[in-house]
Amino acid sequence: MKVVKTSKELDLILSPLRSSAKKIGFVPTMGALHEGHISLLKKAILENDVVICSVFVNPTQFNDPKDLEKYPRPIEKDIELLESAGCHYLFLPDVNDIYADGETWEHSFGKLEQIWEGAMRPGHFKGVGQVVYKLFNIVKPTNAYFGQKDFQQTLIIKKLIADFKLAINLHICPIIREESGLAMSSRNGRLNAIERQSAGNIYKALENTRLSISKGSKDLSELKNQALTILNTISDIKIEYVDIVNPDKLEIIENIDENSPLLMIIAVRLGNTRLIDNMYIRA
Ligand code: PAF
């Protein structure tokens with residue numbers, strides 16, 4: 001795997017591939033890679049001629065400077081993981097390669113950027129939109145791969161691609177879970193062993209709701225209460241939201257009708273660690 005540190009160098013490598021119509025797969029990340037990222041990468045390798053993974057801890061998507069500072073940056077380990085997964089290029093730019101001095105533009109994602117994660121982390125999705133637009137513009141991938149775990153982010157990227165009419169195929173890949181059921185995340189390393197094990201109850205709450213719906217339950221408040229009961233077995237948990245929404249706009253469902261897909265979304269804090277998860281409780 002070749003490590004490329006500037007967008008100029010990456011362009012020199014990718015231009016001839018673009019001219020010969022090679023399929024370019026792109027997996028953008030902020031590093032601290034885990035099996036979730038590697039699953040995106042493996043899919044990208046299967047579906048493209050060449051695969052680029054970027055590792056860039058994007059400052060504009062952190063609304064809390066302490067969170068940015070604390071964000072894990074195990075780059076040597078990331079390089080090993082990418083190499084053994086068969087990645088072709090690692091794009092590892094620094095901030096000045098991505099952002100110009102005093103840059104202020106932003107794209108509006110409307111209501112989607114203000115609800116759920118947007119409400120908990122003001123400005124977060126503007127930052128995601130900025131960096132993903134820039135990375136897309138540098139890499140110009142044929143296919144881009146994102147994880148379902150950051151469900152709201154996938155809708156933001158979908159809108160970014162639609163609003164700017166980008167010729168990029170978006171692939172949303174399934175959540176990869178630890179043995180306890182906890183969704184893999186770069187933040188899981190901040191949990192202690194007990195928190196990490198008990199966080200598996202987030203998955204149990206989702207799975208319980210999915211099963212209840214499959215057995216015909218339609219009582220939204222009962223479904224939500226059951227999920228809350230399971231979550232509250234986790235000691236020191238602070239629940240930020242647990243809701244059942246429609247997967248295209250993330251609006252709260254008022255009635256469960258027969259056919260529409262349903263998504264359950266959860267955000268909690270365990271000690272100092274914020275965890276989010278989601279599941280199609282009816283596909
Ligand atoms: O999901 C992430 O890791 C980040 O939000 C992304 C998409 C790489 C943008 O910085």
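One-based numbering, in listed order, for ligands and for the atoms of each.
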message = Minimum heavy-atom separation for I234 and I237, please, with both atom names.
response =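 Taking every non-hydrogen atom into account, O-CG2, 3.2 Å.
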task = Of all the heavy-atom pairs spanning K134 and I98, show the shortest one and how long it is.
result =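 So the two residues come closest at NZ-O, 2.9 Å.
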Cluster companions of M1 among Ile, Leu, Val, Met, Phe, Trp, Tyr (side-chain spacing under 4.5 Å) =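 M1 clusters with V3, V27, L33, I38, L40, L41, I45, V51, V55, I75, I79, L81, L82, L90, L92, Y145.
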task = Could I get the full list of ring-ring contact (aromatic ring centres under 6.0 Å, His included) partners for F164, not counting sequence neighbours?
result = H107, Y133
Protein N/O near ligand 1 N/O, under 3.5 Å, which pairs?
from     : atom 1 : to   : atom 2 : distance (Å)
ligand 1 : 1 (O)  : Q153 : NE2    : 2.8
ligand 1 : 5 (O)  : Q61  : NE2    : 2.9
ligand 1 : 5 (O)  : Q153 : OE1    : 2.7
ligand 1 : 10 (O) : Q61  : OE1    : 2.6

Exercise: do Q148 and T154 side chains pair donor with acceptor under 3.5 Å = no
query = With sequence neighbours left out, which residue pairs that include part of residues 189-247 fulfil the ring pair (Phe, Tyr, Trp, His ring centres under 6.0 Å) condition?
reply =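 Ring pair (Phe, Tyr, Trp, His ring centres under 6.0 Å) check on residues 189-247 returns W116-Y241.
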